[in-house]
Structures are given as C-alpha cells and as structure tokens.
S.K.: 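A single structure is presented below for examination.
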Amino acid sequence: MRQSLFLLIFFFLLGNQIHAQKVGLVLSGGGAKGLAHIGVIRALEENNIPIDYIAGTSMGAIIGGLYAAGYSTDQMEELFKSEQFEFWATGKIQEEYRYFFRKLEDDPSWLTLDLKKEEDKLKILPPTNIIPEEQMDFAFMEMFASTNAVCNYDFDQLFVPFLCIATDVYNNREVELRSGDLGEAIRASMTFPLYFKPIVIDSTLVFDGGIVNNFPARNMIEQFKPDIVIGHKVANNARRPDEDDVMAQLENMIMHKTDYEIPVDKGILLETTFTDINLLDFDKIDMINSDGYETTIAMMDSIKSRISREAMEKEVQLRRESFNERKPELLFQNVQVEGVTDAMQRKYIIQSVKHSRNVINLRELKKEYFKLVADPQIEAIRPVSLFNPETGFFDLHFKVKQNKPFEFKFGGNVSTKPINQGFLSMDYLFFNHRAYTLSSNIYFGRFYSSIKFGGRIDFPTRLPFYLSGYLTLNRWDYFSSSNEFFFEDVRTPFIIQEESNFSVEMGFPLWTRGKLKFGASYSDAMDEYYLKEKVLQSDVADETTFDAFASQVCLEKNSLNYKQFATEGIASGVSFTYVNGTEKNKPGSTENSGMFEKSHRFYILKGNYDKYFRLGKKFTLGFLAEGVYSNKKVFNNYRSTVLSAPAFTPTPYSQTLFISNFRATKYVASGLKSIVKLNDQLHLRLEGYGFVPVRGINMIADYKADYGSKTYQTLKLMGLGGLVYHTALGPVSLTVNYFDKESTNLYVVFSFGYVLFNKRAY
C-alpha cells in the first residue's frame with residue numbers, strides 16, 4: 001500500500017514537471033536603451049520567474065546572448081560599465097595593445113579611400129563604417145568562444161536556449177540564427193549600418209536584425225513554443241520625418257515597420273519608455289537599468305498571475321555555475337588563414353602570431369592580434385575560434401581582408417591663421433612573406449609645402465625588423481605679422497626654409513609600444529632670411545646652405561590615443577645624432593662681406609617625455625619634459641645660428657611660428673597639461689610650459705652670434721587654453737595661445753585638422 005502511494009505521488013510529480021509552464025523572454029533592439037533588459041532579467045530572477053527560452057534583436061541579442069551564455073546580471077552590469085566595453089563600443093584600442101612598431105609616420109589625413117579596379121574601370125571606395133570593428137570582433141570571440149565549446153555550436157544547448165535575428169543585406173529579409181558561432185550571430189544582429197561593418201555568415205552578408213524585425217516575438221512562439229511569452233520593448237518604429245530631418249528620412253527608408261505586440265493569450269508585453277536616451281548613451285547604464293527593473297516590478301503581480309511555476313534564484317545560480325564550469329580555457333594551437341590566396345601571405349600572418357610557440361594563451365594572442373591590426377597591408381582580420389575536442393585546444397581561424405593595393409588619403413588643416421594646408425597621399429600596399437609599403441605624398445599651402453617618395457619593407461622574423469628609405473623635399477615660409485589680437489596683416493615673408501633629404505632607416509620593436517631605430521641621411525638645406533627686422537622692398541635676403549651627412553640612433557615609445565591633442569598614453573624617446581656638414585653663406589644687402597664657407601661636426605643628444613595621468617573620470621593631467629644638448633658651433637651670423645638650432649614646439653600652433661626665444665643648442669623645458677573631459681569627444685585643455693636655454697644665443701656686433709657665458713639665463717613661458725572636439729575626421733579646436741616674445745603675445749586660433757609635417761633629415 002505504502003509502495004503504491006509512493007509510485008502514485010512520483011508519477012504525479014513527473015507528469016507535472018513534463019507539463020510545467022515554459023516561459024520565453026523576448027528583448028527588442030534599441031541601442032543603449034536596451035540596457036534596460038538587464039533590469040528586467042534581474043527583477044524576474046529575484047521574483048523566481050523562470051526564463052526557459054530567450055530571443056532578441058540588436059541590443060536585445062547582446063543582452064539575451066550574454067544571459068544564454070551564462071552571464072549573470074551583475075556580470076553584465078560590470079561588463080557594460082568597464083573600460084573594456086568603452087573600447088569595444090568606440091573601436092579604440094587599449095594603450096597596452098597599441099603597436100607602435102608597425103605604425104607609419106603620422107600624417108594630417110582625415111579620410112582614407114581605397115581604389116578598386118572593376119570592369120577595366122577604377123572605382124573609389126569610401127569607408128563603410130564609422131567605428132573600427134577589430135575591438136568588437138576580438139571581444140565577441142573572447143566572450144563566447146568557450147561557450148561555443150560547451151553548447152557544440154547549437155544554441156538550444158546553451159544555459160538557456162536562444163535565437164537572434166539578422167538581416168540579409170542582398171535580399172533585405174530576415175535571417176534567424178539558432179546555431180553556429182554565438183559571438184558571430186550576436187555580432188551580426190547588432191551591426192547597425194554605417195556604424196559597424198557587416199559580416200558574412202554562411203555566405204550571406206548580414207546587418208542589424210532591427211532593420212527587418214526588431215522584436216522577435218513571432219520567432220519565439222514559432223520556434224520554442226513556450227506556454228507564455230514575456231516581451232520587453234524599449235524601441236518604437238521610426239517617426240514620420242519632416243523635409244529637413246535627413247536622418248529621420250534615412251531611418252524610415254532603412255527600417256521596416258516592426259510589430260511590437262504580443263497576443264494577449266500568448267503573453268505579457270512590458271514597455272520602458274525613454275525620452276532623453278540616445279543610441280550610444282551607454283554611460284547612463286544605472287538610470288536605464290533601473291527603469292527596466294521598475295517597469296518589471298510594476299507589472300510583477302500581472303506576471304505572477306499568469307505564471308505559476310517558480311525557478312528559485314539560488315537554484316538558477318547553481319545551474320549557471322555548473323554550466324560555466326564546463327567552459328574550457330582559451331588556449332590556441334592551430335592557426336588557419338582565410339581570405340588570402342598566396343601561401344607566403346598565410347605564412348606571414350601565422351608566423352606573425354605564433355612565431356615558434358606551439359600553444360598561445362589569450363593574452364599572448366590579443367597582443368599579436370593587435371599587432372596584425374596595426375599592419376597597413378591588412379584592412380580587416382576577424383578571429384574565429386573552433387574548439388578541437390581531440391587536442392583540448394582551440395583552432396584559430398583568421399578571416400582576413402587585404403587592403404586594396406592602392407590607398408588614397410586626403411586631409412590637412414583649415415585655420416583662421418595663414419597656415420592652411422592641404423594633404424594628399426597615395427600608398428601601394430602588398431605582402432607575401434614580407435610586407436611592402438610604397439608611399440608618396442604632397443603637402444600644399446602658403447606656409448608649408450612638401451613632396452615625399454619612398455617605401456618600407458617589414459620582415460616578420462622572430463625578431464621583426466623593417467628597412468625604409470625616403471626622399472623628401474620640404475619648404476616653410478614664415479610670415480611677419482602685425483600686433484593685432486584677432487587679425488593678422490600678412491606681409492612679405494621674412495624667412496624661407498627649404499630642405500631636401502634622403503634617409504634610410506632600420507627599426508626593431510621593443511615590446512608593444514616602443515622601437516629602436518638606426519638611421520642615416522644626406523640633406524641639402526637652404527635658409528633665406530633678412531638680418532634686419534625692418535625690410536625694404538629693395539633689400540636682398542641672405543642665404544645660408546648646409547649640406548650634411550647625419551647618422552642617428554633613437555629609442556622611441558608611443559601609445560598616444562590621438563595624433564594631436566592627446567588625452568591618454570605616453571610618447572617618450574632619446575636620440576643621439578652625429579652630423580658632418582658644410583655651411584655656406586651668401587650675404588644679402590645687409591652685409592658687404594664675401595662668400596663664407598665652414599665645416600661643422602657636431603652631435604645632438606635629445607630626450608623627451610610626454611605622459612598623461614588619469615586622475616578621475618573627468619580629469620587628466622599631462623606632464624611634458626624635453627631637453628637638448630649639442631656641441632654645435634655658431635654659424636656665420638645670428639639669424640642662421642638661430643634657424644639651425646633645435647626648437648621647443650609643444651603645441652600645434654607653436655610649430656608654425658619662428659620664435660627665437662624658444663630655440664637653443666642646449667635647453668631644458670617642461671610643462672603641465674590639465675584636461676577636463678566634457679564628453680567622449682569634447683574636452684577643455686589648459687597647458688603651460690617653461691623653456692630655459694642652458695646657453696642662449698646672443699647677437700653681437702655686425703649681426704654675428706655667440707653663446708652666452710651665463711648658464712640657465714632666462715625663463716620663457718608658453719601656454720594654451722581652449723576647447724578641442726575630436727571628430728572622426730580630425731580635431732576641431734578653438735584655442736588662445738600665449739608666447740613669451742617681443743611684439744604679439746596672444747593668438748586666437750580656430751582650426752580643423754592637423755598641423756603635421758614630413759620629417760626633416762635630423
């Protein structure tokens with residue numbers, strides 16, 4: 001009797017379990033507003049509401065995929081608040097992975113265009129995405145590779161069965177993703193056009209699923225057949241556009257109308273409404289998350305009235321821990337390369353990653369991956385990992401897209417001062433067992449013009465190195481100006497500097513952010529100037545030429561986040577240069593002496609240190625120090641001596657002025673930079689510098705020069721204050737610049753772009 005009663009109870013409970021309510025959770029897209037989904041999941045778990053299936057689109061796919069992969073709500077919050085997510089969302093590379101060795105010389109380019117040959121015609125290809133995808137691609141592989149190993153690439157075998165929606169670009173139709181690489185599926189579902197580059201899944205080019213289906217309630221019902229569906233909506237269909245709102249017009253053309261309803265007999269719809277949250281306002285996670293939580297709590301009585309089954313929060317956590325414990329460590333052994341046809345190219349990439357190692361861990365892979373990302377020959381490289389149960393390691397597949405052979409850049413600087421310049425360059429890029437970069441560029445403007453030709457060969461040996469050679473022709477025209485505060489009366493140029501040089505260089509990497517280089521050069525320089533401050537139209541300028549051979553050894557380190565107006569990282573270096581040359585002077589109308597010629601042999605020892613210290617979320621302090629020591633003798637006159645002396649130019653505008661107070665053959669200088677971050681792109685800068693010549697350059701009788709007998713004679717000050725906005729093309733700045741000098745001290749400059757030049761010989 002007792003045994004029969006026991007069996008009756010057992011089969012009753014078993015039947016109850018078999019027919020227990022199954023609950024599906026559907027999460028809409030919506031950009032940063034989708035962070036509210038985390039609050040919804042937290043509220044459901046705290047109230048023991050089961051989540052048996054989950055489906056999402058775009059941001060809903062990210063949150064749903066993370067949950068299905070075994071992430072708790074606390075872990076998701078931590079992820080979205082982390083610096084790692086900031087890099088992922090913006091495409092910026094962490095300082096420790098900025099590979100300086102493969103970086104080519106900085107130039108003032110705003111935009112890079114590829115050139116493609118198609119049907120015997122050349123076609124210019126504009127950029128397809130605003131945010132670089134390398135950070136995101138690696139992050140998705142890192143977060144989901146071990147999960148793929150546990151579920152064996154079947155989303156029904158995840159911690160919670162999952163599906164997400166992407167859009168077939170060619171056919172403009174929905175793609176339902178329920179198997180394969182989880183990271184790639186989520187990556188596809190949230191790849192919004194123009195922000196991110198689309199990816200290929202099963203030979204189909206796919207974009208953000210929100211284009212065709214931003215709320216996959218129908219997919220949930222048809223595929224998983226839950227007893228009840230809980231849907232959370234944070235987005236709406238595009239509003240009716242007006243004639244002046246281009247973005248709203250594009251949104252209406254791109255986005256299909258989505259049915260955000262759930263039939264009453266099928267489930268419950270939760271909606272969290274936001275009025276002041278933009279697509280990328282991820283920094284407002286606490287408020288967004290809280291609103292999602294409150295929305296769910298407010299509906300909890302209705303939810304519980306429809307769902308009688310409970311899933312105790314502690315049991316869910318134990319099940320999650322059990323799932324995560326099965327995830328294997330990310331160790332990589334075999335490396336395969338797709339997207340390149342040449343065997344030597346594949347060898348180049350594999351050798352660049354593995355070198356002679358049999359197995360590499362995640363940190364080692366990440367370092368080598370971002371080295372490849374820095375390679376100019378590679379446009380994109382997406383890592384995909386496949387778990388190999390026979391070896392217990394992951395096999396790594398690199399999906400590589402080579403850069404188009406021809407690459408065009410254009411840029412320059414547009415300013416309220418007479419220093420405007422344009423920039424064009426063309427590079428030819430290719431690689432096999434070595435990487436080759438052939439370069440040419442031209443700068444054109446009233447102040448600066450230049451032409452450069454040359455190339456670089458990179459060797460991916462165990463100790464990588466490069467060889468480079470460039471021919472450069474430079475010309476600078478410095479103008480005299482009136483003492484007006486806002487406006488300048490541009491007169492006859494009083495200094496013209498011309499220099500042509502041919503340089504060769506060999507470089508070796510030092511860790512990730514540094515390099516050691518050895519170089520040699522021959523240069524032919526000419527300075528044209530007036531010895532007098534006041535110039536008559538009939539006056540003839542003096543000319544000084546200096547033909548020289550130079551050899552140099554230099555140790556550099558650079559991890560700055562911007563080419564100009566940096567806010568993080570470090571740039572430091574020490575160099576020793578030996579120069580052997582001949583000075584020739586042709587006097588103008590100021591002097592009556594004949595031609596002058598003299599040989600010079602001297603060295604220049606230079607050191608610099610520029611580092612940014614983050615002292616809070618909004619405040620950064622930068623410190624700069626620089627010093628030069630040289631045994632160079634004076635040239636024939638004061639002006640030529642000052643022109644050939646090293647200059648201290650720590651700000652962009654200081655590089656465009658000839659200021660004798662900040663030139664010396666021996667000097668020390670330092671300064672502080674206070675940076676207040678107003679948002680991700682906009683910051684306020686206040687910079688102050690002091691310059692002290694160890695020995696100044698003095699003018700004596702007949703416009704001659706000598707070095708002062710007193711050491712550390714005078715302190716000269718320089719400063720900058722203003723606003724800088726970093727756009728995707730370049731910085732926009734409004735600054736007030738101060739220079740401790742005769743005549744004009746203050747310059748107000750509005751500028752867009754970069755103040756950068758081709759290199760001199762030394």
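Values below: every heavy atom of this structure, side chains too, minus hydrogens, waters and symmetry copies.
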S.K.: If you draw the axis of the six-membered ring of Phe635, does the NZ or CZ of Lys632 fall within 45° of it and under 6.0 Å from the ring centre?
M.R.: yes
S.K.: Got a second to check how far Tyr443's OH is from Ile451's CD1, nearest 0.5 Å?
M.R.: 12.5 Å
S.K.: Determine yes or no for a side-chain-to-main-chain donor-acceptor pair under 3.5 angstrom, with Thr461 supplying the side chain and Leu463 the backbone.
M.R.: yes
S.K.: Donor-acceptor pair, Ser109 side chain versus Leu111 backbone, under 3.5 Å?
M.R.: no
S.K.: In terms of relative ring orientation, are Tyr747 and Phe739 parallel, tilted or perpendicular, with 30° and 60° separating the classes?
M.R.: perpendicular
S.K.: With side chains defined as the heavy atoms from C-beta onward, is the minimum distance between Ile496 and Trp476 less than 4.5 Å?
M.R.: no
S.K.: Of Lys366, Arg363, Lys367, which meets side chain to side chain donor-acceptor pair (under 3.5 Å) against Glu96?
M.R.: Arg363
S.K.: Quick one: does any side-chain atom of Glu583 pair with a main-chain N or O of Ser599 as donor and acceptor, under 3.5 Å?
M.R.: no
S.K.: Mind listing the closest non-hydrogen atom pair of Val634 and His600 along with its distance?
M.R.: O-CE1, 3.6 Å
S.K.: Stepwise, does the ring-ring contact (aromatic ring centres under 6.0 Å, His included) test hold for Tyr99 with Phe370?
M.R.: CA-CA 7 Å; Tyr99 191 46; Phe370 282 109; over 10 Å; no
S.K.: Tell me whether the rings of Phe459 and Phe465 are parallel (<30°), tilted (30 to 60°) or perpendicular (>60°).
M.R.: parallel
S.K.: Counting distance only, does the side-chain N/O of Arg614 pair as donor-acceptor with the main-chain N or O of Phe619 below 3.5 Å?
M.R.: no
S.K.: Whether Asp107 and Lys409 form a salt bridge (side-chain N of Lys/Arg under 4.0 Å from carboxylate O of Asp/Glu) is what I want to check.
M.R.: yes
S.K.: Taking the six-membered ring for Trp, are Tyr436 and Phe430 closer than 6.0 Å centroid to centroid?
M.R.: yes
S.K.: Enumerate the residue pairs fulfilling side chain to side chain donor-acceptor pair (under 3.5 Å) with a member in residues 419-431, sequence neighbours excluded, ordered by first and then second residue.
M.R.: Asp427-Ser439
S.K.: Can you tell me if NZ on Lys598 sees more than 12 non-hydrogen neighbours from other groups inside 6.0 Å?
M.R.: yes
S.K.: Indicate yes or no for a side-chain donor-acceptor contact from Glu499 to the backbone of Ala761 under 3.5 Å, with no hydrogens or angles considered.
M.R.: yes
S.K.: Using the side chain to side chain contact (heavy atoms under 4.5 Å, CB included) criterion, which residues pair with Tyr562? Sequence neighbours excluded.
M.R.: Lys92, Thr567, His726
S.K.: With sequence neighbours left out, what residues match Arg513 under salt bridge (Lys or Arg N to Asp or Glu O under 4.0 Å)?
M.R.: Glu95
S.K.: Could you walk me through whether Tyr578 and Tyr603 pass ring-ring contact (aromatic ring centres under 6.0 Å, His included), step by step?
M.R.: CA-CA 4 Å; Tyr578 179 76; Tyr603 64 82; 8.1 Å; no
S.K.: Hey, are the side chains of Lys103 and Asp106 touching, using non-hydrogen atoms and a 4.5 Å cut-off?
M.R.: yes
S.K.: Please lay out, stage by stage, how Phe752 and Trp110 fare under the test ring-ring contact (aromatic ring centres under 6.0 Å, His included).
M.R.: CA-CA 10 Å; Phe752 168 66; Trp110 302 338; 4.7 Å; yes
S.K.: Determine whether Lys611 and Phe623 make a side-chain contact, defined as any pair of heavy atoms from C-beta on separated by less than 4.5 Å.
M.R.: no
S.K.: The criterion is side chain to side chain contact (heavy atoms under 4.5 Å, CB included); which residues satisfy it with Ser572, sequence neighbours excluded?
M.R.: Lys557, Ile570, Tyr609
S.K.: With side chain to side chain contact (heavy atoms under 4.5 Å, CB included) as the test, would you mind laying out the steps for Lys666 and Tyr707 before giving the verdict?
M.R.: CA-CA 10 Å; Lys666 301 181 181 75; Tyr707 295 128; 5.6 Å; no
S.K.: Sub-3.5 Å donor-acceptor pair from the side chain of Ser415 to the main-chain atoms of Lys417, do we have one?
M.R.: yes
S.K.: Is it true that Phe757 and Tyr448 have ring centroids separated by less than 6.0 Å?
M.R.: yes
S.K.: Answer yes or no: is there an ion pair linking Arg475 with Glu498, defined by an N-O contact shorter than 4.0 Å?
M.R.: yes
S.K.: Carefully, step by step, assess Lys401 and Glu379 under the rule salt bridge (Lys or Arg N to Asp or Glu O under 4.0 Å).
M.R.: CA-CA 6 Å; Lys401 186 176 182 181; Glu379 179 182 338; 3.8 Å; yes
S.K.: Is the centre of the Tyr470 ring less than 6.0 Å from the centre of the Phe502 ring?
M.R.: no
S.K.: Check whether Phe691 forms a cation-pi arrangement with Lys716 (NZ or CZ under 6.0 Å from the six-membered ring centre, at most 45° off the ring normal).
M.R.: no
S.K.: Does Phe602, at its CZ atom, have more than 12 non-hydrogen atoms belonging to other residues, nucleotides or ligands within less than 6.0 Å?
M.R.: yes
S.K.: Would you say NZ of Lys347 has more than 12 non-hydrogen atoms from neighbouring residues, nucleotides or ligands within 6.0 angstrom?
M.R.: no
S.K.: Would you indicate whether the side-chain heavy atoms of Phe518 and Leu516 approach each other to under 4.5 Å?
M.R.: yes
S.K.: Do the non-hydrogen side-chain atoms of Phe546 and Ser523 ever get within less than 4.5 Å of each other?
M.R.: no
S.K.: Quick one: do the Asn474 and Ser450 side chains pair a donor with an acceptor below 3.5 Å?
M.R.: yes
S.K.: Might you work through the side chain to side chain contact (heavy atoms under 4.5 Å, CB included) test for Leu113 and Phe410, ending with a clear yes or no?
M.R.: CA-CA 8 Å; Leu113 301 174; Phe410 68 90; 3.9 Å; yes
S.K.: Could I get the full list of side chain to side chain contact (heavy atoms under 4.5 Å, CB included) partners for Glu364, not counting sequence neighbours?
M.R.: Arg357, Ile360, Asn361
S.K.: Under 3.5 Å, side chain of Lys371 to main-chain N/O of Arg98, donor-acceptor pair present?
M.R.: no
S.K.: Could you report the tightest heavy-atom contact between Pro509 and Pro464, atom names first, then the distance?
M.R.: CD-O, 2.9 Å
S.K.: Hey, are Lys517 and Glu556 close enough for a salt bridge, meaning a charged N less than 4.0 Å from a carboxylate O?
M.R.: yes
S.K.: Around atom NZ of Lys741, are there more than 12 heavy atoms from other residues, nucleotides or ligands closer than 6.0 Å?
M.R.: yes
S.K.: Quick one: does Ser449's side chain have a donor or acceptor within less than 3.5 Å of a partner on Gly445's backbone?
M.R.: no
S.K.: Considering residues, nucleotides and ligands other than Lys584, do more than 12 of their heavy atoms fall under 6.0 Å from its NZ?
M.R.: no
S.K.: Taking Thr545's backbone N and O only, do any of them form a donor-acceptor pair with Asp527's side chain (distance below 3.5 Å, no angle check)?
M.R.: no
S.K.: Side chain to side chain contact (heavy atoms under 4.5 Å, CB included) for Leu365 and Val353? Distances and angles first, verdict last.
M.R.: CA-CA 7 Å; Leu365 173 63; Val353 172; 4.0 Å; yes
S.K.: Could you work out, with side chain to side chain contact (heavy atoms under 4.5 Å, CB included) as the rule, every residue matching Glu133, not counting sequence neighbours?
M.R.: Asn129, Asp137, Arg187, Lys197, Ala380
S.K.: Determine whether the aromatic ring centres of residues Phe101 and Tyr466 are separated by less than 6.0 angstrom.
M.R.: yes
S.K.: Answer yes or no: is there a donor N or O on one side and an acceptor on the other, between the side chain of Glu105 and the main chain of Lys759, under 3.5 Å?
M.R.: yes
S.K.: Can a donor-acceptor pair be found between the side chains of Thr437 and Gln377 at a distance below 3.5 Å?
M.R.: yes
S.K.: Please walk me through it: do Leu756 and Lys563 pass side chain to side chain contact (heavy atoms under 4.5 Å, CB included)?
M.R.: CA-CA 9 Å; Leu756 293 168; Lys563 290 185 278 191; 4.2 Å; yes
S.K.: Under a 3.5 Å cutoff, is there a donor and acceptor pairing between the side chains of Asn758 and Thr472?
M.R.: no
S.K.: Decide if the gap between the ring center of Tyr478 and the ring center of Phe447 is smaller than 6.0 angstrom.
M.R.: yes
